[in-house]
Every structure is written in structure tokens, then in C-alpha cells.
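Worksheet: one structure, shown below.
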Amino acid sequence: MPQNVIIEPFRVHTVEAIAMPDREERENALQRANYNLFGLRADEVIIDLLTDSGTGAMSTKQWAGMMVGDETYAGSRSFFRFEGVVQDLTGFSEIIPTHQGRAAEKILFSVLAHEGDVVPSNTHFDTTRANIEYQQAEARDLVRPEGLDPAFIAPFKGDIDLDALRTTLADDTQNVPFVMCTVTNNSGGGQPVSMANLRGIRALCDEFDVPFILDACRFAENAWFIKIREDGYADKTPKEIAREMFSLADGCTVSAKKDGLANIGGFLAVNDPEIAAQCRNLLILTEGFPTYGGLAGYDLEAVAQGLIEVLDENYLNYRIRSVEYLGEKVLAAGVPIVQPTGGHAVYIDAKALLPHIPPHEYPAQALAVELYREGGVRGVEIGTLMFGVPQDDGPDLPSAMELVRLAIPRRMYTQSHIDYVAEVVIGVAERAADISGYRIVEQAPWLRHFTMKLEPLA
Ligand SMILES: *Cc1c(COP(=O)(O)O)cnc(C)c1O
């Protein structure tokens with residue numbers, strides 16, 4: 001079998017037409033959305049790389065599973081299938097379904113985190129950070145310093161800085177209710193975390209007697225990187241590696257909209273029955289009975305099947321390679337990106353591409369708007385709009401990096417779609433010097449990037 005071209009390990013079974021708005025329609029859409037790409041409608045977007053969350057294509061087996069979904073309120077068959085698959089994958093005993101990842105976070109943090117606590121992680125995802133801050137606790141990012149340098153090439157840039165973690169744990173003026181680690185590190189460029197680092201976190205958590213919770217939304221992509229990059233894992237299956245990752249933690253929060261290959265769903269899993277009991281009480285209050293947790297029985301079937309399919313080696317090889325392919329193309333044209341490419345997205349370094357726009361004029365947002373204007377490609381800003389700290393009397397405190405994330409939905413776009421995206425990115429990069437910044441005209445106190453309104457400065 002030829003080895004140079006890695007083909008999509010599936011063929012198209014159902015098609016969905018793509019809208020093709022022209023330039024004037026895109027310009028009007030931008031104005032109506034107040035230059036916030038979350039305000040665009042699906043039919044205004046040509047290639048949608050806003051997120052890989054819940055946007056992927058399901059398989060024939062997942063759709064078939066939905067037909068046999070059991071909608072029994074309590075004790076649904078579909079729950080027991082889901083529970084069995086998640087227990088087999090994670091090794092955790094207490095499996096709590098939720099409607100998506102943030103619901104799992106909200107419930108777990110309500111039980112474990114309190115005012116004044118510090119929760120360290122490599123990099124907290126935006127919903128994780130917001131849910132911790134909502135408990136009046138501090139979400140502290142301790143990714144290794146190389147993880148903040150987009151052009152620095154290393155195999156595991158998602159690793160936590162173990163010395164910094166030790167310092168946080170040893171400081172007895174603060175309480176650390178648990179340590180988190182995000183695999184792969186979404187907000188830090190989708191960079192993987194090594195097994196050695198996870199073992200190091202486990203050892204520190206044992207030493208300081210603190211639980212370790214994995215934010216495992218992209219566990220399969222992380223497992224694949226361990227297989228191809230870390231010594232001693234080349235001959236292990238992705239499932240064996242994933243199980244080893246989970247075995248180092250005391251629990252996990254997961255959005256099934258990523259490596260669950262489903263359009264909705266998530267779960268919380270722990271070993272401690274007492275924590276699980278408290279979480280289930282909250283679950284009943286906000287999500288539903290513990291055997292469906294805010295999901296339909298058919299969703300549980302789709303997630304269970306997705307968690308099996310995502311560990312297929314042909315799928316993971318294609319998945320990671322197709323992201324790398326887009327990265328290679330734009331990099332070859334001189335576009336600065338986070339290197340090496342991560343699991344689910346290409347992250348363009350807007351700070352390097354648009355050095356004339358200061359952080360408080362949101363260079364990554366300006367770039368994201370241009371990609372849409374140029375070719376109807378929707379990405380998302382991961383920079384000061386998302387993570388900057390608003391100040392009453394001056395510009396926002398900037399985030400560490402100014403990135404535009406082009407997240408690739410799973411099993412959805414073909415190679416020619418990706419070639420088109422590369423063409424759009426390269427076209428915009430060629431006129432980078434003419435792009436100007438933005439100002440915020442309206443914003444919410446939490447997760448402001450979802451709903452804020454902006455205005456161009458020039
Ligand atoms: C998507 C995501 C979440 C939140 O999951 P939702 O299903 O969107 O609520 C949390 N952490 C990481 C790393 C994610 O990628």
C-alpha cells in the first residue's frame with residue numbers, strides 16, 4: 001500500500017451542502033454580528049473552523065446506535081452500555097453522564113472547590129477557568145515555559161511545569177483542592193502532555209495528598225502523540241495508552257463533543273463514591289436523573305460508540321496528519337503558527353503576524369475577522385478577548401499569546417477544503433500590514449468573547 005498519501009479512512013455516506021455567501025454578504029454579516037464571529041449564522045460561513053466541539057460527522061454505527069437508544073427515564077439500557085464503555089476506557093468506577101463538558105466541571109468544582117482555593121493546571125480551558133472562578137477560586141496556569149513560545153519546537157509542549165506545581169502545592173498559605181491537567185492542552189495550542197509528565201503530577205499529588213483530575217476531552221489525540229513521540233509507547237495501542245493516562249488520575253471531566261465523536265454529551269468520572277454521591281445530587285438538580293444526565297438515551301449510544309471508534313489507529317493517524325498538513329502548507333508560505341501542530345487545530349500566531357496591533361486592540365480577533373472576510377473561513381480568537389483581564393481604568397491585561405485557532409471538525413472536511421483554507425490564510429497573511437485592530441463596545445462579566453460586540457478602529 002502506498003504510504004505517502006494518508007487517505008481519509010472513511011467514505012462519504014450522506015452529504016450536506018455548503019453555503020457560498022459572496023463578499024458583500026460576508027461584509028454585511030460581519031456588521032450585523034458586530035465583528036464577533038460567534039454571531040454569524042451557519043449559512044454565512046463557507047468553511048467552519050470555529051470549533052471541533054460537537055461539529056464532527058457521526059459514523060453509520062453511531063447513527064444505528066441512535067435507533068436502538070433506550071429512553072427509559074431510570075435505568076436505561078443505553079446508560080449501561082455507556083457506563084460499561086467509559087469504565088473499560090478510564091478504569092474509573094463512578095460514571096456520571098452530563099450534557100457536555102462544562103456541566104461536569106460545574107458539578108465537580110461545586111463539590112471540590114471553595115473561595116480562596118487555588119486550582120493549578122497546565123492551561124485551564126475557558127469553561128474550566130470560568131467555572132473555577134465562579135467558585136471564587138483561582139485557576140492557575142502552570143504550563144512549562146516553552147509551551148508559551150509558539151515557534152519553539154518540542155514534542156510535549158502541553159506538559160505542566162512540575163517545579164512550579166511543587167511550589168504551588170508547598171505554599172501552605174493556600175488550599176489546593178485538586179490538581180488538573182488538560183490533555184491535549186487546548187488553549188495552549190492543542191499541545192500534548194507526555195506520560196512522564198502525568199506520572200510526575202501523580203507523584204506530586206501523592207506527596208501532598210491532593211486528588212488529580214484530568215480534563216480529558218482530547219484523550220485519544222493525546223494518546224496518539226504519546227505513541228508516536230514518547231519512548232516506550234510505539235508498540236502500544238491507543239487504548240492501552242489512554243488507559244494508562246487515566247490510571248494516573250483520580251477522576252476526569254470530559255466533553256464527548258471532542259474525542260467522543262458525538263454532537264452532544266460529556267461525563268464526569270471518579271473513583272471516590274462519596275464525591276460521586278455529592279455530584280449526583282447536584283446532577284439531579286440541574287441535569288437530570290443519574291442514568292441520563294441531561295442526555296437522551298440515543299445520545300448515550302452515540303457517545304459510547306464514538307469512544308470506541310476514536311481509538312482506531314487509522315483514524316488517529318489520519319486525524320493528526322490532516323491537521324499537520326494544513327500547518328505545513330501555511331508555514332511553507334511563511335505564516336507563523338504554533339509549532340509543532342497540535343491535535344485538533346492549527347493556531348496562527350497573530351502577535352508575530354500583526355506586530356503593529358497591540359494586545360488591547362485584539363490582533364487575533366482582527367485576523368480572524370479577515371479570514372472570514374477573505375474566504376468565509378471562520379476561526380476563533382484565543383488571545384486577549386478570550387483570556388485578557390478587563391481593567392476599570394485602562395486597557396485589558398493581555399493574555400500570554402494572541403492566537404487564531406482553526407479547529408478541524410472530525411471526519412468532516414476533505415483535503416480540498418483544507419487546501420482552500422490554506423489559500424485563504426496565505427492570502428490574508430500577504431496583506432497583514434494593512435489590517436487594523438478593534439475596540440470592545442459591549443461585554444459580559446464571564447466568557448465575554450461569546451457575546452461581546454466590537455467595532456473596527458480604522
Ligand atoms: C471543550 C472543552 C471543554 C468544555 O466542554 P464543553 O462540552 O464545550 O462544555 C473543557 N475542556 C477542554 C479542554 C475542552 O476542549
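Salt bridge Glu455/Arg439: present, at least one basic N to carboxylate O contact under 4.0 Å. We find that Glu374 and Arg431 are joined by a salt bridge, their nearest charged nitrogen and carboxylate oxygen being less than 4.0 Å apart. Using a 4.0 Å cut-off between charged side-chain N and carboxylate O, Asp52 and Lys257 make no salt bridge. Remark: Glu328 engages Arg321 in a salt bridge, criterion side-chain N to carboxylate O under 4.0 Å. The residues Asp22 and Arg26 are annotated as not salt-bridged, no charged nitrogen and carboxylate oxygen being separated by less than 4.0 angstrom. In this structure, Glu309 pairs ionically with Arg411, as a charged nitrogen and a carboxylate oxygen lie closer than 4.0 Å. Ionic pairing of Lys453 and Glu442 is present here: one or more N-O contacts between side-chain nitrogen and carboxylate oxygen are shorter than 4.0 angstrom. Remark: Arg319 does not engage Asp312 in a salt bridge, criterion side-chain N to carboxylate O under 4.0 Å. Using a cut-off of 4.0 Å between Lys/Arg side-chain N and Asp/Glu carboxylate O, Lys227 and Asp235 are scored as not salt-bridged. The pair Asp259-Arg410 meets the salt-bridge criterion, since a charged nitrogen lies less than 4.0 angstrom from a carboxylate oxygen.
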>> Run the side chain to side chain donor-acceptor pair (under 3.5 Å) test on Arg140 and Ser121 for me, step by step, so that the C-alpha distance in whole Å, both residues' side-chain angles and the decisive distance to 0.1 Å come before the verdict.
In response: CA-CA 6 Å; Arg140 186 175 293 179; Ser121 184; over 6 Å; no
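Residues Phe10 and Tyr315 place their aromatic rings such that the two centres sit no closer than 6.0 Å. Aromatic ring centres of Phe178 and Phe109 lie closer together than 6.0 Å. Not less than 6.0 angstrom separates the ring centroid of Tyr362 from the ring centroid of Tyr438.
A side chain to side chain donor-acceptor pair (under 3.5 Å) with Glu105 is found for exactly one of Thr127, Thr253, Thr98, namely Thr127.
Listed by chain and number, the residues in a salt bridge (Lys or Arg N to Asp or Glu O under 4.0 Å) with Asp419 are Lys329 (sequence neighbours excluded).
Under the 6.0 Å distance and 45° angle rule, Lys258 counts as a cation-pi partner of Phe125.
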